Amino acid sequence: MSKQTKYHFEKVVLLSSLLLFMFSCNQEDDIRICQVGENILYDTELSHRIALMDDDLNYEEAKEKAIQEWIDQEQIKLEIKHSQPEVYLKNTIRIEEELSQLNLFELENIYITQHLDSVISEEEIQEYYNTYRENYKDETYIVRALYLKVPDTLASTLSIENHYLLKNDKDIAEIKKIANLYATSFYFEESRWIYFDDLVRELTITSDKKEEILKNRGNQTFKENGETHYLNVLDFRTKSISSPMEIERAGIRRHILKRRVNNLRSKAKETILENVKEKYPVNFY
C-alpha cells in the first residue's frame with residue numbers, strides 16, 4: 001500500500017470511528033465544547049480526536065489543536081454545502097462508498113480469523129516444496145583446489161610459497177609431505193570437485209573477493225588467528241543446488257497460509273453480502 005493510499009485509508013478510518021461514537025453516545029449527558037452551525041463538538045468526540053493524534057504534544061496543546069481542526073472541518077463543510085451542494089453530495093457519496101469497502105474488508109478479516117485453519121501438516125509442506133522446488137534453487141561454485149593451513153610460527157620456515165602453486169609434480173609431492181607433517185587442515189583431491197564455500201569456511205572472505213579468486217583461478221594467502229591459509233584454485237564451475245526444506249520451512253508455511261487466506265477472502269465477500277441482505281432487508285417505496 002502506497003503512503004498516499006495509507007493516508008487516505010487512515011482518514012476514512014478516522015471518519016468511521018467518529019461517526020460511530022457520535023451516533024452511539026448519549027449526547028444529552030455529554031459535555032458541549034463548541035458549535036459551528038447546527039453541529040456540536042462534544043467532549044466524547046474531542047477525546048477520540050485527541051487519542052488519534054500522532055503529534056508529540058501535551059494534553060492542552062493536543063486539545064487546542066483537535067478543537068481547531070474540528071472547527072476548520074465544519075466550516076469548510078458548511079461552505080461547500082452552501083456554495084456547491086452537488087459537489088458536497090458527490091463527495092459524501094464517495095466517502096460512504098470508501099467507508100463501505102473498508103468496513104467490508106474488516107468483516108472479511110473477521111470471517112477469515114474465524115474460519116482459517118492454521119494447522120499445516122508435514123505432508124503439505126513437503127508437497128509444496130516438491131511442487132515449487134525450482135523456486136528454491138540457487139547457483140553456487142564448485143572447485144578443484146588446494147587448501148592448506150599451518151601455524152604462523154611454521155609457515156615462514158617451510159617455504160610453502162614455493163610449492164603451493166603446484167607448478168610441477170615435485171611441488172605436489174612436497175605440499176603433501178608438508179601437509180602430513182605440519183598442517184592443521186589440508187585439502188587437495190586433483191580430480192574431485194568441492195563446494196567453494198565449504199573449502200574456505202574457516203576464512204573471512206567477502207563475496208567480491210571470492211568472485212575475484214574464482215574467476216581468475218587465483219591463489220591467495222591469508223593470515224588469521226595465528227594461522228596461515230594457502231589457497232590455490234585450479235578450476236571452477238557453477239552448480240545449481242536446492243535450498244534444504246528445513247531452511248525454507250517457515251517461508252513455505254507462510255505461503256500455504258497466505259493461499260488459504262486468499263481463498264477464504266474470495267468466499268468471505270460473497271458470504272457476508274448474502275448474510276447482510278438476509279439480516280437487514282430492504283423496503284422500497
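Heads up: numbering here begins at 1 and tracks the sequence. Being a predicted model, the structure only gives us computed values, none of them experimental.
Residues N262 and R259 have side chains not in contact (no heavy-atom distance under 4.5 Å, counting atoms from C-beta outward). In this structure, N283 and Y285 have side chains that are in contact, with non-hydrogen atoms separated by less than 4.5 Å. The shortest distance between side-chain heavy atoms of L148 and I175 falls below 4.5 Å. Put simply, the side chain of E69 reaches to within 4.5 Å of the side chain of M53, judged on heavy atoms. With contacts defined as side-chain heavy-atom distances shorter than 4.5 Å, the pair F222/V200 does not qualify. At least one side-chain heavy atom of L231 sits less than 4.5 Å from a side-chain heavy atom of L199. Side chains of I252 and E248 form a contact here, defined as non-hydrogen atoms less than 4.5 Å apart. Put simply, the side chain of E227 does not reach to within 4.5 Å of the side chain of V150, judged on heavy atoms.
Heavy atoms from other residues, nucleotides or ligands lying under 6.0 Å from NZ of K223 number more than 12. Atom CD of E64 has 12 or fewer heavy atoms from other residues, nucleotides or ligands within 6.0 Å. Counting heavy-atom neighbours within 6.0 Å of D117 CG, excluding the residue itself, gives a total above 12. By the 6.0 Å contact criterion, OH on Y182 is open, its count of non-hydrogen atoms from other residues, nucleotides or ligands being 12 or less. Summarising the local packing, CD of E127 is surrounded by 12 or fewer heavy atoms from other residues, nucleotides or ligands at distances under 6.0 Å. Remark: D169 CG is loosely packed, at most 12 non-hydrogen atoms of other residues, nucleotides or ligands lying under 6.0 Å away. Enclosure of atom CD in E139 by more than 12 non-hydrogen atoms of other residues, nucleotides or ligands within 6.0 angstrom is indicated. Heavy-atom neighbours of E189 CD from other residues, nucleotides or ligands within 6.0 Å: above the threshold of 12.
Remark: the backbone N or O of E96 is not paired with any side-chain donor or acceptor of S100 at under 3.5 angstrom. A donor-acceptor pair under 3.5 Å links the side-chain atoms of N232 to the main chain of Y164, judged by distance alone.
Listed by chain and residue number, nothing satisfies the side chain to side chain donor-acceptor pair (under 3.5 Å) test with E174 (two or more places apart in sequence, or in another chain). The ring pair (Phe, Tyr, Trp, His ring centres under 6.0 Å) test applied to F186 returns no partner, not counting sequence neighbours.
Hydrophobic cluster membership differs between I205 and L146, with clusters built from Ile, Leu, Val, Met, Phe, Trp and Tyr side chains linked at under 4.5 angstrom. Put simply, I76 and L41 are part of two different groups of oily side chains (I, L, V, M, F, W, Y) that touch within less than 4.5 Å, one to the next. Residue I93 is not grouped with residue I95 when hydrophobic side chains (ILVMFWY) are merged at heavy-atom distances under 4.5 angstrom, including chains of intermediate members. When the side chains of ILVMFWY residues are joined at heavy-atom separations under 4.5 Å, either directly or via intervening members, L203 and I194 end up in a single hydrophobic cluster. Linking Ile, Leu, Val, Met, Phe, Trp and Tyr whenever their side-chain heavy atoms come within less than 4.5 Å puts I142 and I241 in one cluster.
The residues K277 and E274 are annotated as not salt-bridged, no charged nitrogen and carboxylate oxygen being separated by less than 4.0 angstrom. Taking 4.0 Å as the cut-off between side-chain N and carboxylate O, K267 and E108 do not count as a salt-bridged pair. Checked for salt-bridge contact, E60 and K63 miss the test: no charged N lies under 4.0 Å from a carboxylate O. The existence of a salt bridge linking E190 and K176 is confirmed by a sub-4.0 Å separation between a basic side-chain nitrogen and an acidic carboxylate oxygen. Under the 4.0 Å criterion applied to side-chain N and carboxylate O atoms, E97 and R94 are not assigned as salt-bridge partners. Ion pairing of D197 with K210 is present here, as a side-chain N (NZ or NE/NH1/NH2) and a carboxylate O approach within less than 4.0 Å. Ion pairing between a basic and an acidic side chain is recognised when a charged N comes within 4.0 Å of a carboxylate O; R260 and E124 show such pairing. The existence of a salt bridge linking E202 and K149 is confirmed by a sub-4.0 Å separation between a basic side-chain nitrogen and an acidic carboxylate oxygen.
Side-chain rings of Y132 and Y128 approach one another, their centers coming within less than 6.0 Å.
In the model, T140 has no side-chain atom that pairs as donor or acceptor with a side-chain atom of K239 under 3.5 Å. Between the side chains of N39 and Q35, no donor N or O sits under 3.5 Å from an acceptor N or O. For the 3.5 Å distance criterion, the side chains of N130 and R133 qualify, holding a donor opposite an acceptor. R265 and N109 share a donor-acceptor pair across their side chains, judged by distance under 3.5 Å alone.
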TODO: Step by step, work out the side chain to side chain contact (heavy atoms under 4.5 Å, CB included) result for L234 and V143.
DONE: CA-CA 7 Å; L234 306 175; V143 296; over 6 Å; no
Open item on the list: Using the rule given for side chain to side chain contact (heavy atoms under 4.5 Å, CB included), can you reason through Q220 versus Y230, listing the C-alpha separation, both sets of side-chain angles and the distance that settles it, and then say yes or no?
Closed with: CA-CA 6 Å; Q220 198 81 32; Y230 298 89; over 6 Å; no
- [ ] Test S243 against D138 for side chain to side chain contact (heavy atoms under 4.5 Å, CB included), laying out the working first.
- [x] CA-CA 7 Å; S243 176; D138 196 9; over 6 Å; no
Open item on the list: Checking V36 against L78 for the side chain to side chain contact (heavy atoms under 4.5 Å, CB included) test, could you report, in this order, the C-alpha distance in whole Å, the side-chain angles of both residues, the deciding distance, and whether it holds?
Closed with: CA-CA 9 Å; V36 176; L78 288 175; 3.6 Å; yes
- [ ] Might you work through the ring-ring contact (aromatic ring centres under 6.0 Å, His included) test for Y187 and Y147, ending with a clear yes or no?
- [x] CA-CA 5 Å; Y187 175 84; Y147 172 72; 8.6 Å; no
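The two residues I71 and C34 make their nearest non-hydrogen contact at CG1-SG, 4.2 Å. For the residue pair I67 and I33, the shortest heavy atom distance occurs at CD1-CG2, 3.8 Å. When all heavy atoms of L264 and L116 are compared, the pair lying nearest together is CD1-CA, 3.6 Å. For W70 against I40, the heavy-atom pair with the smallest separation is CZ2-C, 3.6 Å. When all heavy atoms of S118 and L257 are compared, the pair lying nearest together is CA-CD2, 3.8 Å. Minimum heavy-atom separation, H255 to Y136: CD2-OH, 4.3 Å.
The distance from atom CG of L165 to atom CG of N219, rounded to the nearest 0.5 Å, is 4.5 Å. L99 contributes atom CG, which lies 12.0 Å from atom OG1 of T92 (distance to the nearest 0.5 angstrom). To the nearest 0.5 angstrom, M245 atom CE is 6.5 Å from I125 atom CD1. Atom CZ of R144 and atom CZ of R217 lie 9.5 Å apart (nearest 0.5 Å). Of the inter-residue distances, the one linking T44 atom OG1 with R49 atom CZ reads 13.0 Å to the nearest 0.5 angstrom. Interatomic distance, CG of N225 versus NE2 of H229, reported as 7.0 Å (0.5 Å rounding).
Residue pairs meeting the ring pair (Phe, Tyr, Trp, His ring centres under 6.0 Å) criterion with at least one partner in residues 82-120, sequence neighbours excluded, are Y111-H115.
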